[in-house]
Each structure stands twice: as structure tokens, then as C-alpha cells.
Amino acid sequence: MSSIIIVGTQWGDEGKGKIVDLFTERIDAVVRFQGGNNAGHTLVVNGEKTILHLIPSGILSSQVTCIIGNGVVVDLEVLIEEIRGLKQRGYLQDDAQLVISPQAHLIMPYHKELDLLREQRKGKNKIGTTGRGIGPAYEDKMARKGFRFCDLEDEKTFKEKLSALIIRRNERFVKLFETKPFQVDDIFHSTLQKYSQVKKYMRNTSILVNQLISDGKNVLFEGAQGTSLDVDHGTYPFVTSSNTVAGGALTGVGIGPTLIDGVVGISKAYTTRVGMGPFPTELFDADGERLQKQGHEVGSTTGRVRRCGWLDLVVLKHAVRVNGLTGLILTKLDVLSGFGAIKLCTHYQVNNEKIHDLPCNLEALNQCKPIYEEMPGWNEDISQVKTLKSLPKTLHNYIRRIEAFLGISIILLSVGPERGQDILIKDPFKS
Ligand code: GDP
Ligand code: IMO
Ligand code: MG
């Protein structure tokens, strides 16, 4: 059977949650491998909306095991609340459906506060983070100062390390931000109390996932954020603090590259971005406003209005390469209905020079002007279309042009937020 990684190819919110949920009828397990509750993955089933921040998007299907790998950073409060909400709505009735790596790092209260205070201080130079403590938690992980679930087992050592860390943090915090000092005892007790509620989900996820694959199960790895938010391959420093690309699935779970059968990228039929940072095809005109309104482009996590623009093939070409994509899924095609003309950015221009690849330098990227190809649009409402041949000819031309430019097949088209509003062209789980 197959192990498939699904990643966002843009700046997040491509519709990963919807697509993962759609595949749940063919898969045995869904694994999150990076990020934290900065993610907001939306699933709509029978008109009922679920937004997941930490728990993998397979959770609405009771036969699917949902796994949170070591690469994820976990806010215990958010995890507990998400579990409670799901259980209350009749999901996650069997605790064996959820598995969490004891090696996943925790987002501690001081991480959240530091994230918010830093952003405040930066003013107009801020990153526009989700304020969930993601960056500071990954910083501590890399600096070897983080706490994992398994580090809570030995309470004495946890207390000693926490006390030493908080004494140092308080010195800096109080001085720099004039805030109240953190209390070791409060954090110690509340962390352990919360841990006791989720301890039952802990299990070595590297062993489990390797076993599932060798047992011939279908496993889907669910990326969070998108390629242009990757800490190495994105629009640094306006990125998140993890590897969002396919490679992150290997380190974030503990599997080898030889076990992966395919990597599927998800792209909106246009582009959006939340937070600050470069966005070459961003629109500030009526078309941009229309994309925002028709696409209901409001952040699933923070409620911020998303910036909107035309599809950027330079960004997608980069995503095809750094992820080694074997297939592409286009979402939100229904949103493009009614635009007389649709534009595709094929390259950038700086002065008289043509730029074909995403510059890694921020200043260079900021100077890039998008150069577009214009294609005729379509007026039909396509949100109920079930077959490829019922789609307008101009839409066929749009997707053919994207495939030809990127040299990759589009394997699924999404035409609405609901489970079932999609047209499958090639099933990635069938070879
Ligand atoms: P994710 O973070 O990649 O899972 O994406 P989000 O859930 O943050 O944002 C995608 C938004 O678009 C959600 O509100 C989805 O319900 C919605 N959505 C997903 N696919 C489609 C589609 O094909 N058409 C429309 N109109 N909405 C979609
Ligand atoms: P999903 O999984 C869109 C953005 C933030 C900010 C930058 C850094 O739903 O696609 P962070 O809080 O991670 O330090 O913020 O990354 N960002 C996202 N944008 N979708 C997401 O997740 C995002 N997660 C983080 O807006 O620009
Ligand atoms: Mg999202």
C-alpha cells in the first residue's frame, strides 16, 4: 500500500485539512509531523465545520489512527481543549485513535508570552506570527532547553531544570518587557496536571509508523503551513520556525525516505498569505478584494483577513522542486468563477532582468514585479460539478497550462469546502 506526504505549496491555508479528510476513506493513519497550533485546518462535513489546530485531519473518521509526531510542538491547553471538543461532538470515542509522540516538545506559557511581547516590540517590522509561541518553542528545542512530554516523567529533574530556566528567563523578561515574573510552582503543577490528562496517548510514533508501513497500511503525512513558510526554503525571515516541506515528515516522525511512495502538493487556484512578508502577486485592486470575499479568505486560527493575489507559478515551481512533488491538487477553483480574465505569474522582473526562480534574499524578492500570462476565465458555477468533462473549456485550459508549466500532473480538483465537492483525476493511493 502507500505512504503519501501532503504539503502546502504556498503560504499555508491551501485547503490541506479538507483534502486529508477527503482521503480518509482509503487510509489507515494520518500523521502530523511539524508545526503546532499555528495551523488551522478546516473540514466541512454535512454542513458542519471543524477547525483542527493540532489533531490530524483524519479524526472525523473513527477507523483512522491520528498520530502527532515528535516534530510537532504541543500546547497542552490547546490539545486538551481540542480533545474535549471532539469527544463532546461524538468523535474520538476510542482513545486508541489518537497517538502522541513522547518526544514532541511542549509550548510553555513563557513561549507564548515571549512570542507576543516580541511582536509588540517589533512594531511595524513584526513577522505577524500567530502568537501561539511557536518560534520560541522551536528555539528552545534547538538550543536544547526545551521540555518534551517524556521529560515530565521524572518530576524531580523536571522541576530542577524548569526552576533554573525560569530564574534566567525572569531576569531577562522582567527587565526587558517590564512584565510579571513567571512562577515556577504554577508552571510545574499546571504542566503536570495537564500531562496527566493526555499521558494515555503517549507511544513511540517512530516505531508505530514504521510498523504500520511494514504491515502494508495506507499512511498519510499531513503537513502544516506551506513551502514558502518553511524555515529553510521559505521567504525567510517571514516564515514559521519548522521545516514545512516534505523532508520535515521524515525527521518529524522518525522514518526513512525510502518508505515514502509519493508527495502531493496542495495549491489554491490563486494565492493567499496571512501575516507580513513578501508576496509578489498580491493584489490591491478590485480583483484582490473579490478573491478575498468570494474565497472567504479569513484566517482559520487568528481570524485575520488573508492577503490575496493571482497564482504564482514561480512559487509553485520552487515547491515542486524542494518537495519532490509527484502530484498537485488545486483547491478553490470555484472561487475563480466570474472573473473575465485570470492571470498566472510565470516569472518576475527586476529592472530589465527576468527572474525565473524565487530569490532567497528578502530585498531582492521585494523588488520582484510579477509578469503575467492572461487567460480567459469562466462564468459557470462549478461547485456541484462531479466530472472533469463537465468543466468549462477555459478551466481545462487553465489547469493544462499550469501542468505544462510545472511539468507535473494535477490529480484532484476541489470546487467547494464540503467533503465531496471535488473531482478526483488520479488516486495517489493507487499505483
Ligand atoms: P489549511 O490550513 O490548508 O487546511 O486550509 P484552511 O482550512 O486554513 O483554509 C482553507 C479554507 O478554504 C477553509 O475555509 C476551507 O473550508 C475552504 N476550502 C477548502 N477547499 C475549498 C474549495 O475548493 N472551495 C472553497 N470555496 N473553499 C474551500
Ligand atoms: P496552516 O497549517 C497560514 C504564518 C503566520 C506568520 C508566520 C509565522 O493552517 O496552513 P508562527 O506563528 O508560525 O511563528 O507565524 O507563519 N502561519 C500561517 N499562515 N497558515 C498557517 O497554517 C500558518 N501557520 C503560521 O501568519 O506569517
Ligand atoms: Mg489553515
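Numbering of residues begins at 1 and proceeds along the displayed sequence. Ligands are counted one by one from 1 in listed order, and the atoms in each one are counted from 1 as well.
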Close approach of G40 to ligand 1, heavy atoms, under 4.0 angstrom: yes
Flag side-chain contact, heavy atom, 4.5 Å: L413 against I382: no
Where ligand 2 meets A39 - atom numbers and elements under 4.0 angstrom, heavy-atom basis: 1 (P), 2 (O), 9 (O), 22 (O)
Shortest protein contact, atom 7 (C) of ligand 2 (heavy atom only): V239 O, 3.9 Å
Close N or O approach (T331, ligand 1; < 3.5 Å): no
Q225 and ligand 1 - part of the residue with a heavy-atom distance under 4.0 Å: neither
Test item, G128 contacting ligand 2 (heavy atom, 4.0 angstrom): yes
Shortest reach to atom 11 (C) of ligand 1 by a heavy atom, considering only K332, K18, K268, H296: K332
Heavy atom of R132, distance to ligand 2 below 4.0 Å: no
Nearest candidate to atom 9 (O) of ligand 2, where distance is taken over non-hydrogen atoms, out of G35, G277, G40: G40
Short N/O/S contact of A224 with the Mg ion (ligand 3) (below 2.8 Å): no
Closest to atom 21 (C) of ligand 1 (judged by heavy-atom distance), picking from G416, G15, G299: G416
K16 heavy atom under 4.0 Å from ligand 2: yes
Short N or O distance, D13 and ligand 2, threshold 3.5 Å exclusive: yes
Close approach of S241 to ligand 2, heavy atoms, under 4.0 angstrom: no
Nearest candidate to atom 9 (O) of ligand 1, where distance is taken over non-hydrogen atoms, out of R306, K49, E222: R306
Y110 and F182 aromatic ring geometry - parallel, tilted or perpendicular at 30°/60° bounds: perpendicular
Atom 12 (O) of ligand 2: the protein heavy-atom neighbour that sits closest, reported with distance to 0.1 Å: T130 OG1, 2.6 Å
From CD (E222) to CD1 (I19), nearest 0.5 Å: 11.5 Å
Pair T240, N38: side-chain N/O donor-acceptor within cut-off below 3.5 Å: yes
For the Mg ion (ligand 3), the closest N/O/S atom belonging to D13: OD1
Qualifying residue, where the test is side chain to side chain contact (heavy atoms under 4.5 Å, CB included) with L344 and the options are L316, L311, D312: L311
Ligand 1 contact on D13 by region, counting heavy-atom pairs under 4.0 Å: both
Protein contact to atom 17 (N) of ligand 2 [nearest heavy atom, distance to 0.1 Å]: L229 CD1, 3.8 Å
Under 3.5 Å: N/O of V44 near N/O of ligand 1: no
Min heavy-atom dist R304 to ligand 2 below 4.0 Å: yes
Polar contact flag for T240 and ligand 2 (N/O pairs, less than 3.5 Å): yes
Under 3.5 Å side-chain donor-acceptor pair for N218 and D28: no
